[in-house]
Amino acid sequence: MQPIVRNMLINALLLGLFAVAGTGLVALTWEGTAERIAENERQALLDLLHQLIPPDRHDNDLALDWIQVTDPDLLGTRNPVTVYRARRNGQPEALVMTPVAPEGYSGDIKLLVGLEPDGTLIGVRVLTHSETPGLGDRIDIERSDWIHSFAGRSLQDPEQERWRVKKDGGVFDQFTGATITPRAVVKAVRNTLIYFAAHHTELWAPAAQPQSGDGHGP
Amino acid sequence: MAHSNWRDIALDGLWYNNPSLVQILGLCPLLAVSNSVINGLGLGLATLLVLVTSNVTVSVIRNWVRPEIRIPVFVLVIAAFVTAVELAMNAYLHGLYKVLGIFIPLIVTNCFILGRAEAFASKNGPLRSAIDGFAMGLGFTLALVVLGAMREAIGGGTLLAQAHLMFGEAARGLTVTLVEHYRGFLLAILPPGAFIGLGFIIAAKNYIDQRLQRRQTAPAAPTSAPQTAESGG
């Protein structure tokens, strides 16, 4: 065999060995952590949902009882939106929808919207956003109480015309120096309520396929 | 690389050849994640862990790996350790993992890790490489924490906010509020604040170095001349 071919073969073999060893290390770590990661994700999801629906209001597994719906106009995304259902003794108790406010100042704002079966808002939380720190990020519950102003509201309270920020003739505060962000959130919550009013019976339909417990998140 | 002893290796990583302040390597994570002490500490320690393990591994295999394929092998080693650290953080520090997000897998592309593998670990024994990795990683962590503290204090008026992400619920009390009802100075949190802050830290370090040098005027020449900064992030 020519020396150059021999060299190439040895190098290829060495590279292959290191690839196998590296993959082995990753596989072992994955094996050791996968279960814990899945449990973490499930727990993180439950913690989020429990901000809106206290654990004592339901006896089903929130992380498993969900369906997905799609409505780009009202829910702000072409992707399916997950709806989590809380039930007690099999009866509808509350819903958490995960719509998107697409008109944020810098991109999508992902929301959690908690609803009573009659369409009253339990509350709203911001899941993820990339709004300007110090200005638009006051939609975040860690930064200000603004997001609480939705609790107890519904499509009738205030009437639809007034579901706007004050600057646009509505009832919701805007922030000094940041109107676009709260305007986007108010509009997204109003649209979610409109969607809910039109579809609320379907939202309680039994889950289409048996759900696996692999930590599906919003 | 004429390191006479371990103390020099350690001082090199922490001060004279600090990856962030002298070599100016790994700027991308430094600037992106230094918006709070906890974020900086989290990414710094993850980087330190990768650096020590990759340095030791590279040092152990340095005599088997032929020069032609050493770079791909080093990258493989580093990528494997980064993925392992990422999985471990996802499992044991889930909250911090979510905050740091993409910057954990991006540790692979932090050029000073490959730089240490090539410049140090491939020429030195495992123990010395471990010390070098630890010192360099600690130097990077220190820079991240100091810059993070500056930006968090000026930008948000707190220190160690969200400490529970790293140390568990009991650590919520660690957060220090420097100024009550502080409205925040936006510039410090935004990317320009990172550049300005890093500039001030480098200036302060150079000032201290000059003072030290002037004090020992007679024996000239600093203990270890800084390497020239390589380009890249």
Side-chain angles (χ1 to χ4, degrees), chain A residues 3-4 6-48 106 110 127-128 130-138 140 142-145 175-178 215 217-218, chain B residues 35-36 53-54 57-58 60-61 64-99 101 105 108 151-152 155-158 161-162 165 169 175 181-191 193:
Chain A
I4 185 163
R6 207 180 111 87
N7 260 336
M8 281 163 75
L9 276 177
I10 291 178
N11 281 345
L13 204 68
L14 270 174
L15 264 179
L17 273 178
F18 279 108
V20 168
T23 315
L25 173 74
V26 171
L28 275 179
T29 320
W30 187 84
E31 196 63 46
T33 54
E35 208 170 300
R36 218 187 142 107
I37 290 173
E39 178 55 31
N40 277 343
E41 275 166 7
R42 188 187 133 81
Q43 196 54 50
L45 173 66
L46 283 180
D47 286 348
L48 269 173
S106 35
K110 292 191 181 165
L127 265 186
T128 60
S130 25
E131 301 302 293
T132 321
L135 294 172
D137 74 343
R138 269 171 279 170
D140 196 328
E142 306 241 315
R143 297 273 177 274
S144 88
D145 289 338
F175 308 136
T176 326
Chain B
N35 46 9
S36 80
T53 48
S54 74
T57 312
V58 165
V60 167
I61 63 175
W64 307 339
V65 179
R66 293 150 165 253
E68 306 92 293
I69 55 163
R70 70 181 194 286
I71 298 293
V73 168
F74 294 169
V75 171
L76 247 171
V77 167
I78 295 168
F81 281 120
V82 168
T83 314
V85 167
E86 186 196 353
L87 286 169
M89 281 184 81
N90 193 346
Y92 298 101
L93 294 168
H94 193 68
L96 192 63
Y97 169 83
K98 284 228 162 131
V99 175
V108 180
R151 292 179 67 191
E152 193 183 335
T158 60
Q162 296 192 302
L165 292 182
E169 287 304 311
T175 304
H181 307 300
Y182 183 55
R183 293 293 298 274
F185 181 53
L186 200 51
L187 181 68
I189 302 281
L190 293 178

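Per chain, numbering begins at 1; letters A, B, ... match sequence-line order. If you're wondering where the values come from, they're calculated on a predicted model, not measured in any experiment.
Residues Ala91(B) and Arg36(A) approach most closely at O-NE, 3.0 Å, considering heavy atoms. Considering every non-hydrogen atom in both Leu15(A) and Pro72(B), the closest pair reads CD2-CB, 4.0 Å.
Separation of atoms CG (Asn7(A)) and CD1 (Ile69(B)) is listed at 10.0 Å; rounding is to 0.5 Å. Atom CZ of Phe18(A) and atom CD1 of Ile61(B) lie 3.5 Å apart (nearest 0.5 Å). Summarising the geometry, atom NZ belonging to Lys98(B) is positioned 6.0 Å from atom CD belonging to Glu41(A); distances are rounded to the nearest 0.5 Å. Going from atom CZ of Phe81(B) over to atom OG1 of Thr29(A) covers 9.0 Å, rounded to the nearest 0.5 Å. Residue Leu25(A) holds its CG atom at 8.5 Å from OG1 of Thr83(B), rounded to the nearest 0.5 Å. We find the CG-CH2 distance between Leu17(A) and Trp64(B) to be 10.0 Å, quoted to the nearest 0.5 Å.
For Asp140(A), there are no salt bridge (Lys or Arg N to Asp or Glu O under 4.0 Å) partners two or more places apart in sequence or in a different chain.
Heavy-atom distances place the side chain of Leu186(B), and not its backbone, under 4.5 Å from chain A. Of the atoms belonging to Leu28(A), not a single heavy atom falls under 4.5 Å from chain B. Heavy-atom distances place the side chain of Ala44(A), and not its backbone, under 4.5 Å from chain B. For Phe185(B), no part lies under 4.5 angstrom from a heavy atom of chain A.
Of the listed residues Leu190(B), Val77(B), Val73(B), Thr57(B), the one with more heavy-atom pairs under 4.5 angstrom with chain A than any other is Val73(B). Between chain A and the residues Ala88(B), Ala84(B), Ala79(B), the largest count of heavy-atom pairs under 4.5 Å involves Ala84(B).
Side-chain contact between Thr33(A) and Asn90(B) is absent, with no heavy-atom pair separated by less than 4.5 Å.
Looking at Asn11(A), its side chain never comes within 3.5 Å of a backbone N or O of Arg66(B) through a donor-acceptor pair.
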